[in-house]
Amino acid sequence: MPPHRPLPENVSFPELEEKVLERWRELDVYNESLKRREGAPPYVFYEGPPTANGKPGSHHVLARVFKDIFPRFKTMRGFYSYRKGGWDCHGLPVEIAVQQQLGIDNKKQIEEYGIAEFNAKCRESVFEYLEDWTKLTERIGYWVDLDDPYRTLDTDYIESVWWALGQLWQKDLLYEGFKVVPYCPKDGTALSSHEVSQGYEDVEDPSVFVRYPINQPHGVLREGDELLVWTTTPWTLVSNAAVAVDPELTYVRTANGEVLAEALVTRVIGEEAQVVDRFKGADMVGAGYEPPFPYIPASEYGEKGHTVLPADFVSAEDGTGIVHTAIAFGEDDFRLGAEQGLAVINPVRADGTYDERIGPYEGRFVKEADDDLIEDLRSRGRLFRAEKLFHAYPHCWRCGTPLLYYAKPSWYIKTSQLRDRLLAANESVDWHPEHIKSGRMGRWLENNVDWALSRERYWGTPLPIWRNEAGETVCVGSFAELKELSGVELDDPHRPFVDDVEIPSPTGGEPLRRVPEVIDVWFDSGSMPFAQWHAPFENQEKFEEQFPAHYICEGIDQTRGWFYSLLAISTLLFDRSSYETCLSLGHIADETGKKMSKSLGNIVVPWDVIDRHGADAFRWYFLATKLPWEGYNFNTDTVGESLRQFLLQLWNTYGFYVLYANVNDVAREDVPPANDLDRWVLSRLAATVETVTDRLEHYDATRAGQTIQAFVDDLSNWYVRRSRRRFWDGDPAAFATLRRALVTVTQLLAPFTPFIADEIYDNLDGSEPSVHLTDWPEPGERDEALEFAMATVRETVRLGLAARGQAKLKVRQPLRAAVVVASGAEREAIERLQDLALDELNVKALRYVSQADELGSYEVKPNYRALGPRFGKHMKLVASAVAALDPAHVATALRGGTTVAINVDGHDHELGADDLMLAMSPLEGYQLEREGSHAVALELELDDELRREGLAREIVHAIQNARKSAGLQVEDRIHLGLGGDEELLAAAREHEEYVKRETLALSAEFNGAGAVEPVKIEGRPLHIVVERA
RNA sequence: GGGCGAUUAGCUCAGUCGGUUAGAGCGCUUCUCUGAUAAGGAAGAGGUCGGUGGUUCGAAUCCACCAUCGCCCA
């Protein structure tokens, strides 16, 4: 039996991967890898839960691949890394999917359908594509426990979330306030921002400028002044509460007493405006005015009702620089009201009509009252000007009704109170890329506003707050507490069942009923560090052991999603971040940079890539071709490219080993390196292990991968290429060295491309059942002198081949000598590895010259990096002084270890070896290739001996081609017959041993083989007959 | 409208946190090597490093503004 399984003729990675998967299943490798690390220090990863109500796409593959690699790496490094899967189950997207399925589109219809039935549909819908997810997850080799995942809809999970909310309640961090939301008066529901962005339409709206006469002078404002105020929503003027100005902005008074921002005078009033006074906005603050409509008196709003207030949102871009503020109808307005202590007064009913407080307008739909309100203003002399304005305004995406912005009661978490703690927690996170910390996340946290927690929806974790009209309120922190308070034990804490639970009033009043809201789904998923274990009700130790996470990874869009909710909840509860390192991924686009979308038809379906190129190719593309946070422009072919460039090259090197190891029946034994090439490749291997380990420790898969790729390239295109003969001859040291290199590469590669790595490992080593059960390799000894020597000699070869190319002389034609310009360490290096250079360049000898003038001349250049900081402004003078030096003199001086003097600006300076750089300059009349101070020239004269040797090599080349077309195996021996041109035959006779050895010929006849079609060598015919011996 | 990020060869991407000839792979042209390889090697064409200013002895790199694209938020 051969030592290794022979490789298939044409490898199919997708098929191979399926076989490896089969083996993993049989051996239960993932669980085995955990079992072997029991008791080891934990490495904690948190899975950001996807929602399984749609098919997974390529962006999910991207995230899952990056989630996978580091826990695999850390497991091999000796850590215990349990990865619990998770599913996000609640939320509006699920509800909308079900609504579409049921053909209904508003809340009223949901309630008619029945909340219990509706939520039951949601529960089904949320796992509709679970099987697709599970299949893809397994197929791409993402190791995560999907047998026992956390699910945000589970009773235990919800109880942990309730616990967290109870904690917040006890810390007084949970409160009910108002929130201004886009609201559809027809459907009677608030819309999410996602829905709003779907419904922008260009419409014509009124644009009115209104006079607000000052009636309580203050600061610079006096009786007779009129503030000019602009609005596009006249219907909100009836509940004007105050006006806002920018305290820093300059305002003016015109001759007519009109007051507005200086920058807008011309646009609002015109060229004829006469400015009589200038002042800052701050000087206007505190003055009182007469509101445009009399229905709601200033006192209702509080002390500052109908006065001028300072604000930071006032713009001098449009309007008048004085902003009408109606607390209930705008985000900025509402915030200003909260800051200044103004009461929220909303005289508009839920159906969009005015209530009784607006006298004559009661019952009118607000938007339709605009024209009458404008006329009303005009008739009282309060209108300055009315125009029409085209702009984009949001409409309800379902019914087309213009949306109103309304202040509605809503539950909040006081995150803004802990802003400093959030920033401190953020500071402790190791972000990748770095700029997220102070950029996207940092800026977001600095502007933190309270977390709007509640949603007026159905499918979600119910907000566990019970209260009655008397204001008695409890926040229930566990099911046991609920039972204790209400006597009810819930099977399912979802709506509507939880809505039926009543808690008797502690004072004998009305029973407490639950508030109707459910909570934001981000609070669900952000609670997973404890809720996934049902902590603190059980598994408290498990939670503590698995908190915080060492590593999390998601798309960059999660900055304000999961990254934030995890950070916020753990800061609120534990005053620390729940993750140490966070890798944020960019988005994927097609190869032209366009977003992938169904309508463009440019979506890359994961299964297409996997079926065509395999999961490892997909993984390698994502992990190792570029830095992940800027996103990927790709299509299926792009993935194929990375396959060819790396995996196929590795596979062929491995195939080469197996082929000759089997031919020579090579034992799997360790043999010490036998020559410099062996020692070199092992040193390069050690360097590779060092770098890859370091990069992976720093969550830099890209450079780790590229380092492996560079090594495999060296291995294939230098080590193997230069060692071929030793493999043909069965040299045990060569096999042992290559095998060690390949096996170590499979270990380095295991976290990247787990399938191919395991396949190769299994066939070459197999001392463990899987490469994923091995310990991460130790670097081993480096020989940096040898690495330098090899780099130098490869440079010599490159230069020599370039010179051959210039001379149009084939490598097959031997030459007498190459002349190498090199000195010191370079020369020693080349001498040490001279045989490699002779063979690669096909020359009989290397001749060294160390003096530049023998082959070329030197040029001296300043080392700017060293001299720049020293000379600063004088750098230009230094450069010309250096240029004026005699290069030969400098070369001698620097070789001798002495310095060179220059004079700059009348001062003498000494320059040493680090300050100057010597380079070869081209010299006419020589076939010479140069790089820095290193150059190679060729002796081009040929004699008959060399020419015949060249012919012999041509003949060998022709015979090899004949072997191949005769379908012989590489190890087959032959009987060779040659005929044809006499000069060719003479060359073959002269080099008979060489020809026989190279072509594995046991016998050779050079007396004619005329029956076959001749090949031409330099125009001469050669007949070749090969017969298997 | 605000915040964050990106823009480098025909394409996909590097560029060591300011150093003087800006690199790699793919693709293209010419040549070459082969007992593993859809391989490998050499040469060539292809760049005003998105634009404009600025800082500096020196800018792809730092700053400002602008343009385009992406993401997040309004």
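Note on naming: letters A, B, ... go to the chains in the order of the sequence lines (proteins, then strands), and numbering restarts at 1 for each one. Below, each value reflects all heavy atoms present in this structure, side chains not excepted, and no hydrogens, waters or symmetry copies.
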Which value, in whole Å, describes the distance between the [atom1] atoms of nucleotides [N] and [M]?
{"N": "B:A59", "M": "B:G18", "atom1": "C1'", "value": "6 Å"}
{"N": "B:G51", "M": "B:A60", "atom1": "C1'", "value": "14 Å"}
{"N": "B:G10", "M": "B:U48", "atom1": "P", "value": "8 Å"}
{"N": "B:A45", "M": "B:U30", "atom1": "C1'", "value": "11 Å"}
{"N": "B:G58", "M": "B:A14", "atom1": "C1'", "value": "23 Å"}
{"N": "B:G19", "M": "B:G25", "atom1": "C1'", "value": "27 Å"}
{"N": "B:G23", "M": "B:A43", "atom1": "P", "value": "13 Å"}
{"N": "B:U34", "M": "B:A22", "atom1": "C1'", "value": "34 Å"}

Starting at atom [atom1] of [X], determine the distance to atom [atom2] of [N], rounded to an integer number of angstrom.
{"X": "A:Phe727", "N": "B:U34", "atom1": "CZ", "atom2": "P", "result": "19 Å"}
{"X": "A:Arg724", "N": "B:G41", "atom1": "CZ", "atom2": "P", "result": "12 Å"}
{"X": "A:Asn842", "N": "B:C33", "atom1": "CG", "atom2": "C1'", "result": "11 Å"}
{"X": "A:Tyr564", "N": "B:C72", "atom1": "OH", "atom2": "C1'", "result": "15 Å"}
{"X": "A:Ile588", "N": "B:G70", "atom1": "CD1", "atom2": "P", "result": "15 Å"}
{"X": "A:Asn717", "N": "B:A39", "atom1": "CG", "atom2": "C1'", "result": "8 Å"}
{"X": "A:Ile556", "N": "B:C71", "atom1": "CD1", "atom2": "P", "result": "11 Å"}
{"X": "A:Lys876", "N": "B:G19", "atom1": "NZ", "atom2": "P", "result": "17 Å"}

Exercise for the section: Enter the distance from A:Leu585:CG to A:Phe622:CZ here, rounded to the nearest 0.5 Å. Expected result: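 Here the rounded value is 9.5 Å.
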Exercise for the section: Could you tell me the separation between the CD atom of A:Glu759 and the CG atom of A:Leu16, rounded to the nearest 0.5 Å? Expected result: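 Atom-to-atom, A:Glu759:CD and A:Leu16:CG are 4.5 Å apart.
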Where the side chain of [X] is concerned, which of [options] is the nearest nucleotide?
{"X": "A:Asn652", "options": "B:G19, B:C72, B:U37", "answer": "B:U37"}
{"X": "A:His587", "options": "B:C57, B:C33, B:C71", "answer": "B:C71"}
{"X": "A:Met875", "options": "B:G35, B:U37, B:C57", "answer": "B:C57"}

Handout entry: Anti versus syn assignment for B:G44, with syn defined as within 90° of 0
Key =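 You should classify B:G44 as anti.
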Handout entry: RNA chain B: 5'-proximal contact among A:Gly655 and A:Glu954 (nearest heavy atom)
Key =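 So the residue in question is A:Glu954.
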Exercise for the section: Nearest-nucleotide wise, let me know which of A:Phe656 and A:His874 is further upstream toward the 5' end of RNA chain B. Expected result: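 Residue closer to the 5' terminus by nearest nucleotide: A:Phe656.
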Practice task
For a side chain to side chain contact (heavy atoms under 4.5 Å, CB included) with A:Thr415, tell me which candidate from A:Val449, A:Asp450, A:Leu567 qualifies.
Solution key: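 By the side chain to side chain contact (heavy atoms under 4.5 Å, CB included) criterion, A:Thr415 pairs with just one of A:Val449, A:Asp450, A:Leu567: A:Asp450.
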Practice task
Can you check each nucleotide of nucleotides 3-15 of chain B against protein heavy atoms at under 4.0 Å and return B for base, S for sugar-phosphate only, - for none, in 5' to 3' order?
Solution key: BBSS-----SSSS
Distance below 4.0 Å between [X] side-chain N/O and [N] OP1 or OP2:
{"X": "A:Tyr657", "N": "B:A36", "result": "no"}
{"X": "A:Arg721", "N": "B:U34", "result": "no"}
{"X": "A:Gln649", "N": "B:A39", "result": "no"}

Is a side-chain donor-acceptor pair under 3.5 Å present for [Y] with [X]?
{"X": "A:Asp694", "Y": "A:Thr691", "value": "no"}
{"X": "A:Ser416", "Y": "A:Asn448", "value": "no"}
{"X": "A:Tyr654", "Y": "A:Asn763", "value": "yes"}

Exercise for the section: Using a strict cut-off of less than 4.0 Å between a Lys/Arg side-chain nitrogen and an Asp/Glu carboxylate oxygen, indicate whether A:Asp557 and A:Arg440 qualify as a salt bridge. Expected result: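 Result for this pair is no, no salt bridge flagged.
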Exercise for the section: Would you please enumerate the stems RNA chain B participates in, each stem being three or more consecutive Watson-Crick or G-U wobble pairs with both distances under 3.5 Å? Expected result: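 So the stems come out as B:1-7 with B:67-73, B:10-13 with B:23-26, B:28-32 with B:40-44, B:50-54 with B:62-66.
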Exercise for the section: For A:Tyr621, enumerate each residue passing the side chain to side chain donor-acceptor pair (under 3.5 Å) test, keeping only those at least two apart in sequence or located in another chain. Expected result: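 A:Tyr621 satisfies side chain to side chain donor-acceptor pair (under 3.5 Å) with no other residue.
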Practice task
Check step by step if salt bridge (charged side-chain N to carboxylate O under 4.0 Å, His left out) holds for A:Asp714 and A:Arg794.
Solution key: CA-CA 11 Å; A:Asp714 272 354; A:Arg794 290 182 75 174; 2.9 Å; yes
Practice task
Please say whether more than 12 non-hydrogen atoms of neighbouring residues, nucleotides or ligands are located less than 6.0 Å from CD in A:Glu446.
Solution key: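 Counting neighbours around CD of A:Glu446, more than 12 heavy atoms of other residues, nucleotides or ligands fall under 6.0 Å, so yes.
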How would you label the contact of [X] with the nucleic acid (heavy atoms, under 4.0 Å): base, sugar-phosphate, or nothing?
{"X": "A:Thr653", "result": "base"}
{"X": "A:Pro862", "result": "nothing"}
{"X": "A:Glu840", "result": "nothing"}
{"X": "A:Val720", "result": "base"}

Practice task
Measure across A:Arg722 and A:Leu677 and return the closest heavy-atom pair with its distance rounded to 0.1 Å.
Solution key: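 The answer is CB-CD2, 3.3 Å.
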Practice task
May I ask you to check whether A:Phe563 and A:Trp444 place their ring centers less than 6.0 Å from one another?
Solution key: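 Ring centroids of A:Phe563 and A:Trp444 are no less than 6.0 Å from each other.
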